[in-house]
Amino acid sequence: MKLVFKILFISMLAVGNFLSAQDSTKVSQVLKSAEKLKKAVDKNDDKAIADTYVGMAGDYYNQGNYAKSEEYLTKAKALFQKLNDKKNLESVTRKLAQSQEKQNKITPALSNYSMAAQMNYSEKSKTVNSNDVARLSSPKPELRAEAIQDNINISKKENEQASVAEGYSQLAEINLQQKDINKAEENLNNAYKISKKGAPQQALAINQKLTDLYVENKNFDKAIEAKKKVLKEDFVKENSQEKVNQIQELADIYIKKNDPKEAVDLLKNAYGIALDKGHTLEAQKSVKRLDSLYAISGNTNASVQLYRDFLEKLPNLVLKDRSLVDNKILEDTEQRISQLEKEKELKDELIRKKNVFNYGLIGALILLTGLVVFIFRTLKKVQTKNKKIALQSLRREMNPHFIFNSLNSVNHFIATSNELEANQYLTKFSKLMRGVMENSTDDFIPFQQELDLLQNYLALEKTRFTDKFDYEIEVDESLNMHSLQVPGMLVQPFLENAIWHGLRYRTEKGFLKLSFEKNNQYLKIIIEDNGIGIEESKKQKTQHQKTREGRGMKNTLERIKLLNDLYKKDITCSVKDKENNSGVLVTIQINLI
């Protein structure tokens with residue numbers, strides 16, 4: 001009969017064996033965390049997501065679920081690394097090390113403590129994490145104890161009670177390694193007193209260490225006393241599920257003490273509370289332990305009656321058991337959180353692809369812009385080079401008319417046996433030609449050199465047309481003759497026009513005046529003659545002369561345009577008849593800046 005009841009009992013509870021008891025507070029915490037995570041994912045706020053993971057990890061750590069705590073801390077750490085948030089990264093790395101240490105994963109825990117210390121966010125953090133590295137890696141118990149004590153002192157100063165309690169618990173472990181039972185007991189009692197004020201889960205763990213210490217040393221009375229003490233704590237009395245667990249632990253101590261009667265009474269009490277509050281798994285544990293005790297004592301009837309009672313009350317018990325509902329809620333919430341994480345990964349991937357596309361587009365635009373700029377600059381350089389070549393070509397082009405007439409004048413002097421005049425003319429002509437050729441490679445020459453060339457040129461023309469004109473050159477004294485740079489032979493074509501097309505057609509001797517003056521930031525050049533004027537000169541020219549002169553003036557104007565384009569000199573030129581056809585006035589202005 002007993003075997004039948006056992007089979008029925010096991011079958012009905014098989015579905016519940018995988019469940020872990022949960023209370024509504026834990027479910028509420030997970031639901032709140034899931035809601036926070038959803039909002040953070042919707043906003044794509046990595047900082048808020050990481051903070052939510054840290055909060056969830058803290059809840060799981062306090063519940064003793066260190067594997068889950070490690071899982072969420074690992075995710076938070078990755079996000080803080082992405083955000084380069086050094087403060088939170090140091091904190092979460094330390095918490096990750098603590099979760100790993102609780103699972104006895106010493107190597108990764110040591111690595112994370114060391115990493116947190118190296119972050120060096122603050123002197124306090126560096127010291128605390130370095131002490132934990134020493135605690136886990138030092139071969140000597142004395143060095144480990146020294147590191148723990150240092151952390152206790154720091155935690156006391158910062159009023160971090162949970163850390164102080166953890167430090168005393170760690171010291172107790174060192175004491176046990178050194179076989180100092182009394183000191184271990186003292187440190188565990190200190191840890192319990194501190195932790196029970198604000199960290200119930202930590203207090204329960206420390207109490208269990210203390211009772212285990214007493215049991216291992218056969219000091220059952222102290223173990224019972226310690227367990228009864230924890231049963232009087234509010235955080236146990238107010239939590240029926242934990243109360244049942246602690247009563248069962250106390251019963252186990254009586255069994256080890258070889259006091260089955262007291263153990264049976266305690267387990268019956270635990271069983272009654274579990275039935276009343278709807279804790280199916282805790283009731284099952286009590287039944288199993290009671291059955292074992294009845295089997296030892298040979299009380300088969302009591303065992304059968306116990307199973308019958310449990311089976312009768314099981315349907316109502318399951319209906320009252322919140323853990324079954326809570327477990328379903330937790331399972332659904334975990335799936336929801338997993339789905340949110342997948343959504344976040346998908347969003348990140350979409351953002352990454354969008355950024356890659358945008359960066360690629362920007363890169364292509366930059367490359368295209370660079371190529372356009374390069375082509376533009378290359379074309380600009382080519383244009384500038386072409387302009388300089390054109391300017392050089394125009395600059396080197398002497399007026400064929402002037403050269404032809406100069407050679408004719410030499411021929412005339414030789415033909416009239418005037419060798420002295422011919423020699424003087426040739427000397428001046430060769431000097432002028434040499435000056436022109438020497439400056440043919442430069443766009444600008446010193447003002448003094450330009451003035452010398454123009455004086456030489458006018459002297460030649462004066463020799464040729466002695467009875468046709470006189471000339472005068474005036475130079476503003478404020479002009480710096482050597483540092484001032486001007487375009488070479490720019491004025492000469494206008495002087496030649498004044499002589500050849502204006503003054504030489506006069507019946508009486510004419511006058512040519514060339515003046516240079518400074519007008520603010522400009523050099524003002526004035527060429528004034530009293531020849532026959534522009535209109536009258538056009539009437540007397542042949543078609544061949546018109547073509548040749550037009551080309552000469554066109555070249556000069558092109559030179560001015562090229563100089564303005566290349567050097568921004570703002571050169572202007574004005575040619576007009578004076579009143580009553582009494583000559584021509586040419587005004588040239590050159591920006592000196």
Side-chain angles (χ1 to χ4, degrees), residues 394-413 425 428-429 432-433 436 450-451 453-474 487-517 524-561 563 571-590:
L394 292 170
R395 187 173 58 246
R396 288 178 175 178
E397 186 179 317
M398 282 292 290
N399 191 325
H401 192 165
F402 164 65
I403 297 173
F404 177 78
N405 284 293
S406 295
L407 293 176
N408 273 343
S409 296
V410 174
N411 185 49
H412 171 74
F413 289 138
Y425 191 90
K428 292 177 182 179
F429 179 72
L432 175 63
M433 290 298 296
V436 170
E450 171 69 0
L451 188 61
L453 289 173
L454 294 177
Q455 287 175 336
N456 199 4
Y457 168 73
L458 288 174
L460 279 173
E461 297 291 34
K462 175 65 177 172
T463 302
R464 184 183 302 163
F465 302 109
T466 305
D467 58 342
K468 288 294 181 180
F469 75 97
D470 289 324
Y471 69 90
E472 178 185 7
I473 299 176
E474 287 186 358
M489 294 295 284
L490 186 67
V491 177
Q492 184 270 336
F494 296 103
L495 295 176
E496 185 174 345
N497 273 352
I499 295 168
W500 280 84
H501 305 294
L503 294 171
R504 77 168 179 153
Y505 291 111
R506 282 178 57 89
T507 55
E508 298 177 357
K509 198 171 190 178
F511 186 75
L512 174 63
K513 183 177 180 181
L514 172 62
S515 61
F516 299 89
E517 61 184 58
K524 188 174 182 180
I525 304 170
I526 300 173
I527 304 163
E528 185 178 3
D529 68 72
N530 59 354
I532 62 174
I534 298 173
E535 293 301 323
E536 185 62 29
S537 174
K538 286 180 180 179
K539 294 177 184 178
Q540 298 185 21
K541 289 180 183 178
T542 66
Q543 186 63 37
H544 178 66
Q545 288 175 326
K546 290 178 181 179
T547 302
R548 185 170 55 211
E549 186 205 358
R551 186 179 64 192
M553 288 307 298
K554 181 180 179 182
N555 287 353
T556 302
L557 294 175
E558 284 182 6
R559 275 192 70 195
I560 291 173
K561 183 177 183 302
L563 287 169
I571 302 174
T572 59
C573 176
S574 170
V575 181
K576 61 182 180 180
D577 276 327
K578 295 195 295 185
E579 294 181 0
N580 301 321
N581 293 325
S582 60
V584 177
L585 177 67
V586 178
T587 305
I588 301 173
Q589 286 200 124
I590 302 174

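A quick note: this is a predicted structure, and the numbers were derived from the prediction, not measured.
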Identify whether the distance between the nearest side-chain nitrogen and carboxylate oxygen of Lys561 and Glu558 falls below 4.0 Å.
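Salt bridge absent between Lys561 and Glu558.
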Once rounded to the nearest 0.5 Å, what's the spacing between atom [atom1] of [X] and atom [atom2] of [Y]?
{"X": "Ser515", "Y": "Ile473", "atom1": "OG", "atom2": "CD1", "result": "10.5 Å"}
{"X": "Leu563", "Y": "Arg559", "atom1": "CG", "atom2": "CZ", "result": "6.0 Å"}
{"X": "Gln492", "Y": "Leu458", "atom1": "CD", "atom2": "CG", "result": "9.0 Å"}
{"X": "Leu503", "Y": "Glu508", "atom1": "CG", "atom2": "CD", "result": "13.0 Å"}

Step by step, work out the side chain to side chain contact (heavy atoms under 4.5 Å, CB included) result for Thr572 and Gln589.
CA-CA 5 Å; Thr572 59; Gln589 286 200 124; 3.4 Å; yes
Checking [X] now: which residues fulfil salt bridge (charged side-chain N to carboxylate O under 4.0 Å, His left out) with it, not counting sequence neighbours?
{"X": "Lys524", "result": "none"}
{"X": "Glu579", "result": "none"}
{"X": "Lys513", "result": "Glu474"}

Would a 4.5 Å heavy-atom cut-off, applied to side chains only, mark [X] and [Y] as touching?
{"X": "Phe516", "Y": "Ile588", "answer": "no"}
{"X": "Gln455", "Y": "Leu451", "answer": "yes"}
{"X": "Glu461", "Y": "Tyr471", "answer": "no"}
{"X": "Ile571", "Y": "Pro487", "answer": "yes"}
{"X": "Ile525", "Y": "Thr587", "answer": "no"}
{"X": "Leu514", "Y": "Glu528", "answer": "no"}
{"X": "Leu495", "Y": "Asp529", "answer": "no"}
{"X": "Phe469", "Y": "Ile499", "answer": "yes"}

Smallest separation among heavy atoms of [X] and [Y], with atom names:
{"X": "Phe429", "Y": "Leu460", "value": "N-CD2, 3.6 Å"}
{"X": "Asp467", "Y": "Lys509", "value": "O-CG, 3.7 Å"}
{"X": "Ala498", "Y": "Leu512", "value": "CB-CD1, 4.0 Å"}

State which residues pass side-chain contact (heavy atoms from CB on, under 4.5 Å) with Glu535; sequence neighbours excluded, sorted by chain then number.
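Listed in chain order: Lys538, Asp577.
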Excluding sequence neighbours, so at least two apart, what forms side-chain contact (heavy atoms from CB on, under 4.5 Å) with Ser582?
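Per chain and number, Ser582 pairs via side-chain contact (heavy atoms from CB on, under 4.5 Å) with Lys578.
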Got a sec, which residues hit ring pair (Phe, Tyr, Trp, His ring centres under 6.0 Å) with Phe511, two or more places apart in sequence or on another chain?
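Counting only residues at least two positions away or on another chain, Phe511 forms no ring pair (Phe, Tyr, Trp, His ring centres under 6.0 Å).
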Report yes or no: does Arg506 contribute a side-chain atom to a donor-acceptor pair with the main-chain N or O of Asn530 at less than 3.5 Å?
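Side chain of Arg506 to backbone of Asn530, a donor-acceptor pair under 3.5 Å: yes, one is there.
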Would a distance-only check, ignoring hydrogens and angles, find a side-chain to backbone donor-acceptor pair under 3.5 Å from Arg504 to Trp500?
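A pair under 3.5 Å: yes.
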Carefully, step by step, assess Ile534 and Val575 under the rule side chain to side chain contact (heavy atoms under 4.5 Å, CB included).
CA-CA 9 Å; Ile534 298 173; Val575 181; 4.0 Å; yes
